[in-house]
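Below is one structure; the comments refer to it alone.
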Amino acid sequence: QDLLVESGGGLVQRGGSLRLSCQTSGFSSEHYTIAWFRQGPGNEREPLSCISNDSKSTFTADTVSGRFGISRDDARNTVFLQMSDLRPEDTAVYYCATPGFGVGCSIDRPTHLYPFWGRGTQVTVSS
C-alpha cells in the first residue's frame, strides 16, 4: 500500500497552470511535514517546497518562487502544489515525501532523510 499518492499531473501548454495533490493513505496527514520534489530527465531530484504539519512554516525554492505555492487540507489528508506560469523546463516527474512524524519543514533537508515517498506524477509543459 502506497502511503503517499500524487495526482493532478498532465500535459499543459506554456503559461498554463496545474494543481498537484498529495494524499496520505492509511494515516492522517495532520502530524506530518510534506514536501514536494521534482526530477526532470537526466537531472537529480530537486526540492521545490515544503509545509509544516501546522502550516506555520512553508518554504519554496527560489527556482519556482512566485509561481508555485503549497497548501494543505488535513481534513482531506491532502497537500497541494499550485503551479502557475508553467514553462517547458518545469517538465518532470513530481513527487511528494514526508520526513516522518513530527519532523519540521526544511527546504535543505537531503532527500535521503525522507523515508516515505509517493510514486510521482508526470507534468509535461509544451512550448
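Computed over heavy atoms, backbone and side chain alike; hydrogens, waters and symmetry mates excluded. None of the values given here were measured: they were computed from a predicted structure.
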Flag side-chain contact, heavy atom, 4.5 Å: [X] against [Y]:
| X | Y | answer |
| --- | --- | --- |
| Arg72 | Ser29 | yes |
| Val125 | Gln13 | no |
| Leu81 | Leu48 | yes |
| Leu4 | Tyr32 | no |
| Val123 | Leu20 | yes |
| Gln122 | Tyr94 | no |
| Glu30 | Asn53 | no |
| Cys96 | Ile34 | yes |

Review point. Are the charged groups of Asp90 and Arg67 less than 4.0 angstrom apart, N to O?
Key: yes

Practice item. Flag the pair Asp74 and Arg76 as a salt bridge only when some basic side-chain nitrogen lies within less than 4.0 angstrom of an acidic carboxylate oxygen. Key: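 Here Asp74 does not pair with Arg76 in a salt bridge, since their nearest N and O are not under 4.0 Å apart.
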
Specify the closest pair of heavy atoms between [X] and [Y], including all atoms of both residues, with the distance to one decimal.
| X | Y | result |
| --- | --- | --- |
| Ser106 | Cys50 | N-SG, 3.5 Å |
| Ser21 | Trp36 | O-CH2, 3.6 Å |
| Pro115 | Pro99 | CD-O, 3.7 Å |

Check your understanding: Should Phe116 and Val79 be counted in the same cluster of Ile, Leu, Val, Met, Phe, Trp and Tyr side chains packed under 4.5 Å apart?
Key -> yes

Check your understanding: Side-chain heavy atoms under 4.5 angstrom apart, residues restricted to Ile, Leu, Val, Met, Phe, Trp, Tyr: same cluster for Phe101 and Val103?
Key ->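 No.
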
Review point. Under the side chain to side chain donor-acceptor pair (under 3.5 Å) criterion, do Thr63 and Glu46 qualify, and how do the steps go?
Key: CA-CA 10 Å; Thr63 52; Glu46 171 190 7; 3.2 Å; yes

Is [X] close enough and on-axis enough to [Y], meaning under 6.0 Å and within 45°, for cation-pi?
| X | Y | value |
| --- | --- | --- |
| Arg109 | Tyr114 | yes |
| Arg38 | Tyr95 | no |
| Arg45 | Phe37 | no |

Point to revise | CE-CD1 distance between Met83 and Ile70, expressed to the nearest 0.5 angstrom | key: 12.0 Å

Under 3.5 Å, side chain of [X] to main-chain N/O of [Y], donor-acceptor pair present?
| X | Y | answer |
| --- | --- | --- |
| Thr78 | Asp73 | no |
| Ser49 | Phe59 | yes |
| Thr121 | Ser7 | no |
| Thr91 | Glu89 | no |
| Gln39 | Ala92 | no |
| Gln23 | Asn77 | no |

Exercise for review: Give a yes-or-no answer on whether the side chains of Ser71 and Gln82 include a donor-acceptor pair shorter than 3.5 Å.
Suggested key: no

Check your understanding: Would Ile51 and Thr33 satisfy side-chain contact (heavy atoms from CB on, under 4.5 Å), going step by step from the backbone distance to the final call?
Key -> CA-CA 6 Å; Ile51 185 167; Thr33 285; over 6 Å; no

Review point. Are there more than 12 heavy atoms of other residues, nucleotides or ligands under 6.0 Å from atom CG of Asp62?
Key: no

Practice item. Check the pair Leu86, Leu18 against side-chain contact (heavy atoms from CB on, under 4.5 Å), reporting the backbone distance first and the verdict last. Key: CA-CA 8 Å; Leu86 285 164; Leu18 283 174; 4.2 Å; yes

Practice item. Step by step, work out the side-chain contact (heavy atoms from CB on, under 4.5 Å) result for Thr24 and Leu3. Key: CA-CA 6 Å; Thr24 63; Leu3 298 178; over 6 Å; no

Exercise for review: Please test Ser52 against Asp54 for side chain to side chain donor-acceptor pair (under 3.5 Å), starting from the C-alpha separation and ending with a verdict.
Suggested key: CA-CA 5 Å; Ser52 62; Asp54 58 7; 2.7 Å; yes

